[in-house]
Amino acid sequence: VTCRGRVSSGEVDSMVDSGDHGQYVKKVSEQFRRYGHELLEENRKLRALVASLEAEGMRVREELAVGQTLADLNAELRDKLRVRDEEKQHLEDQLRSARRILETKTRDEARLKRELNVVDEDNRRFTEKFLSLEQQNSNLANLYVAGYRLHGTLDRREVIGTLQEIIANLVGSEEMALFELEPGGRRLSLLASFGIQPEAYQVVPVGEGVIGRAAESGEIFVAGHGAAPEAAPGEEGLTACIPLKLEGRVTGLVAIFRLLPQKRRIEDLDRELFDLLASHAAPALYCAELHARAQACSAV
Amino acid sequence: MSRKKILIVDDSKTALMMTTMVLSKGPYELVTAADGEEGVARALTERPDLIVMDVVMPKMDGFEACRRLRQLEATRVTPVIMVTTRGEASNVEVGYECGCNDYVTKPVNALELLTKVKSQLEASALAR
């Protein structure tokens, strides 16, 4: 038997020699009891240790389980990361592709912008051209209407009415006087008027004032253009004088006074209209007069 | 799309011819009348989509004709463009009081008239 606090062989021999067996047994018993206690104590410690180890084992197992979970999670995350990397790679590929497309598109856009600018410029030029043509078209229409209307009748009153309408609607004046040259060519007498006091213009001597000088020269007068002859009384508001010619001879004259407020100045079209009136109004009036005479003769 | 019908009312044959020539460039069917009275009558029979009307006319002037048109159910909302000799504010104001929608001044600028006719026809179509 080996135990802690065991009786040594020397002590046993001494106790046997002394014949003190009880003492010996007692001592042994005491030692055994102490030994038992120690064993129990040792056993308790061992149990505690075992319990502790079991707890530790449990904890370790739990930690292992957690570790496993973490490992699984880690693996899962790695998978996800891998998928993410693949996606990233894919997206980067797409991005590169998109950048290439964008570059192409940007180049195309720049090219289209340049082309658009050219088209815009063409468009602007064509619009200007169109407006110019429209204006020319409108001007020609004005001239056509004026010519058509002047020669559209053989009624003298209608020709005079047409002259008034042309001045009012196409030139833009509501103050006009129509004169005819008297036989002998020394005076202009008022044939028709509107918008003015006719009394002041019944007779105008040729060569006097703006109207008389225009009749004398046969040149169209437009106020504000070139040297103006000295105005006679009543000619202050005169805008234009158009001598009416038949085969180069002045037979009458149209005097245009103030323009309508919205008509600011005499324009190129007006000058063309004046030219047309100068060359077409006199023949129209002459034809109407001849027609009237012919009608009168045929009636007789 | 059917062609829009435009009634032109003017006593001046020269102005009437000029306006007709200008508007015939557009996709319009044109009818004419020689004074305000005839204009109102033709507006009722022809039912135009737009009326271009001179102000100074015999029998019935453009302002009175416009007033009459506004009183009639058939022409109450038909756009009217007045052709005025004088573009002063007072004259234009009278036109608007009579119910006209827009105006142009003489001598008529072809592009201006075409633009205003187109604009009024579009506005009228939107209003319906």
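Remember, it's a predicted structure, so these values are computed and weren't measured experimentally. Values below: every heavy atom of this structure, side chains too, minus hydrogens, waters and symmetry copies. Sequence lines set the chain letters: A, B, ... in the order given, protein chains first and strands last, and positions in each chain run from 1.
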>> Is B:Asp54 in contact with chain A via its backbone, its side chain, both, or neither, using a 4.5 Å heavy-atom distance?
In response: neither

>> Does A:Phe257 form a ring-ring contact (aromatic ring centres under 6.0 Å, His included) with A:Tyr201? I'd like the steps, not just the answer.
In response: CA-CA 12 Å; A:Phe257 292 85; A:Tyr201 303 94; 5.1 Å; yes

> Quick one: of B:Thr14, B:Asn109, B:Val108, B:Leu114, who has the most non-hydrogen atom pairs under 4.5 Å with chain A?
Replying inline: B:Thr14

> Does B:Ser124 reach the main-chain N or O of B:Gln120 with its side chain, forming a donor-acceptor pair under 3.5 Å?
Replying inline: no

>> With a 4.5 Å cut-off on side-chain heavy atoms, are B:Ile51 and B:Ile81 touching?
In response: no

> Non-hydrogen atoms of chain B under 4.5 Å away: do they reach the side chain of A:Leu170, the backbone, both or neither?
Replying inline: both

> Just by modelled atom types, is the B:Asp11 backbone N or O under 3.5 Å from a matching donor or acceptor in the B:Asp35 side chain?
Replying inline: no

>> If I measure from the heavy atoms of chain A, does B:Val22 come under 4.5 Å with its side chain, its backbone, both, or neither?
In response: neither

> With only heavy atoms counted, which part of B:Met18 is less than 4.5 Å from chain A, the side chain, the backbone, both or neither?
Replying inline: both

>> One pair to check against side chain to side chain contact (heavy atoms under 4.5 Å, CB included): A:Val204 and A:Arg187. What are the steps and the verdict?
In response: CA-CA 6 Å; A:Val204 177; A:Arg187 300 194 313 176; over 6 Å; no

> Of the listed residues (A:Lys263, A:Arg149, A:Glu134), which shares the most heavy-atom pairs with chain B below a 4.5 Å separation?
Replying inline: A:Arg149

>> Applying ring-ring contact (aromatic ring centres under 6.0 Å, His included) to A:Tyr148 and A:Tyr144, what does each step give before you reach the verdict?
In response: CA-CA 6 Å; A:Tyr148 183 92; A:Tyr144 170 79; 5.7 Å; yes

>> Using heavy-atom distances under 4.5 Å, tell me whether A:Gln135 contacts chain B through its side chain, its backbone, both, or neither.
In response: side chain

